[in-house]
There are 2 protein chains.
Amino acid sequence: MRKDIHTDGIPVLCVSCEARHRGVCGALEPEQLVSLAKSSHKQKAQSGTELLGDAERIDTYANVLSGVVKLTKTLSDGRQQIVGLQFAPDFLGRPFKTESDLNAEAATDVSLCAFPKAAVERMMQASPELERRLYRQALDELDEARDWMVTLGRKTAAEKIASFLLMIARNIDPTADPDRDSAAFDLPLTRADIADFLGLTIETVSRQLTRLRADKVISIENNRHIVVPSLSRLEARAGN
Amino acid sequence: MRKDIHTDGIPVLCVSCEARHRGVCGALEPEQLVSLAKSSHKQKAQSGTELLGDAERIDTYANVLSGVVKLTKTLSDGRQQIVGLQFAPDFLGRPFKTESDLNAEAATDVSLCAFPKAAVERMMQASPELERRLYRQALDELDEARDWMVTLGRKTAAEKIASFLLMIARNIDPTADPDRDSAAFDLPLTRADIADFLGLTIETVSRQLTRLRADKVISIENNRHIVVPSLSRLEARAGN
DNA sequence: GGGCCGCGTTGACCTCGATCAAACGGCATG
DNA sequence: CATGCCGTTTGATCGAGGTCAACGCGGCCC
């Protein structure tokens with residue numbers, strides 16, 4: 001499934017795009033890939049780095065190769081809301097707009113494959129297949145955003161936490177068997193980030209996590225590592 | 001601005017698409033329009049009609065010609081959340097998926113211009129310009145969804161109501177001067193719908209509306225007609 | 001007319017999650 | 001080793017918004 005295409009030793013679009021029908025590889029002919037590759041550069045950013053500021057000009061697109069990127073919006077008085085999480089191999093960018101209205105920040109250490117905006121847009125003109133791929137991702141992100149609207153608007157704190165853990169379990173390791181009933185993973189977000197994602201406070205997040213632990217639905221090691229013995233038992237608490 | 005193209009007397013894609021860079025007209029050559037027109041049919045639905053059920057097969061797309069369509073998601077215990085509102089001239093449909101995971105319902109009396117899914121998808125293959133138009137709308141809807149996530153997750157009930165009224169004022173009449181400071185309109189939603197949109201209860205919606213009225217920020221006639229003497233004063237309460 | 005229904009408002013009360021405050025553990029630094 | 005910082009947990013209290021209940025108003029049907 002993995003398509004590591006190399007040009008002059010540079011790995012290009014080098015993620016398993018097929019996993020969730022995302023990313024841009026697979027949409028291009030080899031010679032197009034090589035052409036795009038020459039304008040790309042690999043990029044590392046450690047946790048907390050701002051990748052794109054609000055009201056900043058967008059001049060690059062990027063493929064997330066590893067790690068998690070959080071998209072946030074902030075009200076004038078500082079209240080913050082995470083409006084999206086991008087996992088590998090998601091594509092980071094906003095076509096048809098030159099200015100961003102949100103912040104992109106590395107939630108964990110992140111590696112990216114960045115392209116000049118112009119190169120991607122030229123390639124999009126040339127390859128309807130690429131444009132379609134990006135269109136699909138936009139629609140998938142829209143579906144996800146709408147699912148989260150339900151969580152934000154109508155679920156209790158306990159249900160929000162359960163839903164969040166399920167979402168992470170599903171996204172953090174796209175190669176895992178989708179039919180498995182147990183999972184173990186490191187949380188890519190701090191309690192503060194989780195709170196900003198779910199529209200809660202850190203205290204409530206902490207309390208609900210300890211409650212899930214007390215009820216033996218999860219176990220927690222080192223504050224970050226989560227073990228879920230039964231995903232279905234967790235799902236029963238997500239309120240869907 | 002208005003492009004009413006008629007074929008055999010049938011008005012086709014007959015809305016002013018340019019208004020908000022939405023809809024599909026303007027993206028097609030006249031002969032393509034005519035071809036699509038032949039497969040289309042105008043459709044009226046009165047308030048409350050379900051246009052598309054959850055888990056139903058999607059076999060038509062439609063352009064909203066007038067009225068408002070609400071997109072909802074429902075949890076198993078009946079809690080409901082509105083995840084999108086479609087105004088004229090928005091396009092209603094979900095490419096690349098055969099099954100819906102949400103409900104579409106006429107919030108007001110609605111008129112639609114419906115197309116068979118297959119016809120639109122054939123046209124999309126033929127016209128990259130049309131696909132791009134739809135891609136743009138998907139990105140716009142994604143931006144809107146993310147804005148609402150902030151509202152749902154981080155704003156108070158009072159701020160939610162103010163934000164909602166502003167959104168309606170901006171969308172209900174796309175021809176209005178964007179720089180005006182006053183507005184008057186009929187609410188396209190019942191109190192229950194507004195509650196489902198904002199993640200509140202009808203009682204809270206009612207209380208916050210009467211509070212805005214008491215503070216002379218709005219006036220209300222017949223429960224539905226809203227007059228906003230100063231949009232900027234309303235905006236000051238939206239908490240952005 | 002009277003009764004009913006759908007929609008909206010208002011009041012009294014309660015609960016969930018926010019707020020305020022304190023303390024803990026890990027880790028880096030002097 | 002003490003010190004401080006950061007992320008997290010836990011406890012005590014408060015309040016915004018939910019819940020429950022009553023009532024008002026207009027339209028519709030008998």
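On a predicted model such as this, the values are computed, not experimentally measured, just so you know. Chain naming here is simple, since letters A, B, ... match the order of the sequence lines and numbering starts at 1 in each.
Taking only distance into account, the side chain of A:R224 never meets the base of D:dG7 through a donor-acceptor pair shorter than 3.5 Å. Contact annotation: side chain of B:R207 to base of C:dG8, donor-acceptor pair absent below 3.5 Å. In the interface, the side chain of B:R213 is not paired with the base of C:dT10 through any donor and acceptor atom under 3.5 Å apart. Between the base of C:dT10 and the side chain of B:R191 there is no donor-acceptor pair shorter than 3.5 Å.
Using a 4.0 Å heavy-atom criterion, one finds that B:G199 contacts the sugar-phosphate atoms exclusively.
Contact annotation: A:N223 does not reach the phosphate of C:dG26 (side-chain N/O to OP1 or OP2, under 4.0 Å). Applying the 4.0 Å criterion to OP1 and OP2 of C:dG8, one finds that B:S206 has every side-chain N and O outside that range. Within the 4.0 Å cut-off from OP1 or OP2 of D:dG17, not a single side-chain nitrogen or oxygen of B:T201 is found. Taking side-chain N and O atoms only, A:T204 has no distance below 4.0 Å to OP1 or OP2 of C:dC16.
Computed from coordinates, the B:L212 CG to C:dT9 P distance equals 12 Å when rounded to whole Å. Separating the CD1 atom of A:I202 from the P atom of D:dG11 is a distance of 16 Å, rounded to the nearest angstrom. As a whole-Å value, the separation of B:N222 CG from D:dC25 P is 14 Å. Residue B:L200 contributes atom CG, which lies 15 Å from atom C1' of C:dC16 at whole-angstrom precision. The distance between atom CZ of B:R211 and atom P of C:dT9, rounded to the nearest whole Å, is 16 Å. If you take CG of B:D196 and P of D:dG18, they are 12 Å apart, rounded to a whole angstrom. Computed from coordinates, the B:L209 CG to C:dC7 P distance equals 17 Å when rounded to whole Å. Rounded to a whole Å, the CG atom of A:L198 is 10 Å from the P atom of C:dA18.
Closest approach to the A:Q208 side chain among C:dT10, C:dC20, C:dG17 is made by C:dG17 (side chain taken as heavy atoms from C-beta onward). With C:dG11, D:dG17, C:dA18 as the candidates, the nucleotide lying closest to the side chain of B:E203 is C:dG11. For A:T190, the side-chain atoms get nearest to D:dT8 when compared with the rest of D:dT19, C:dG17, D:dT8.
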Under the side chain to side chain donor-acceptor pair (under 3.5 Å) criterion, do A:S66 and A:S111 qualify, and how do the steps go? CA-CA 5 Å; A:S66 71; A:S111 61; 2.8 Å; yes
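When the nearest nucleotides of DNA chain D are assigned to A:I220 and A:R154 by heavy-atom distance, the more 5′-ward of the two goes with A:I220.
Using a 4.5 Å heavy-atom cutoff, the side chains of B:N171 and B:V68 are not in contact.
Between B:S47 and B:D109 the shortest heavy-atom distance is N-OD1, 2.8 Å.
Between A:D77 and A:R79 a salt bridge is recorded (basic side-chain N to carboxylate O distance below 4.0 Å).
At distances below 3.5 Å, not a single donor-acceptor pair connects side-chain atoms of B:Q208 with backbone N or O atoms of B:V205.
For A:Q46, the CD atom counts as loosely surrounded, since its 6.0 Å shell holds 12 or fewer non-hydrogen atoms of other residues, nucleotides or ligands.
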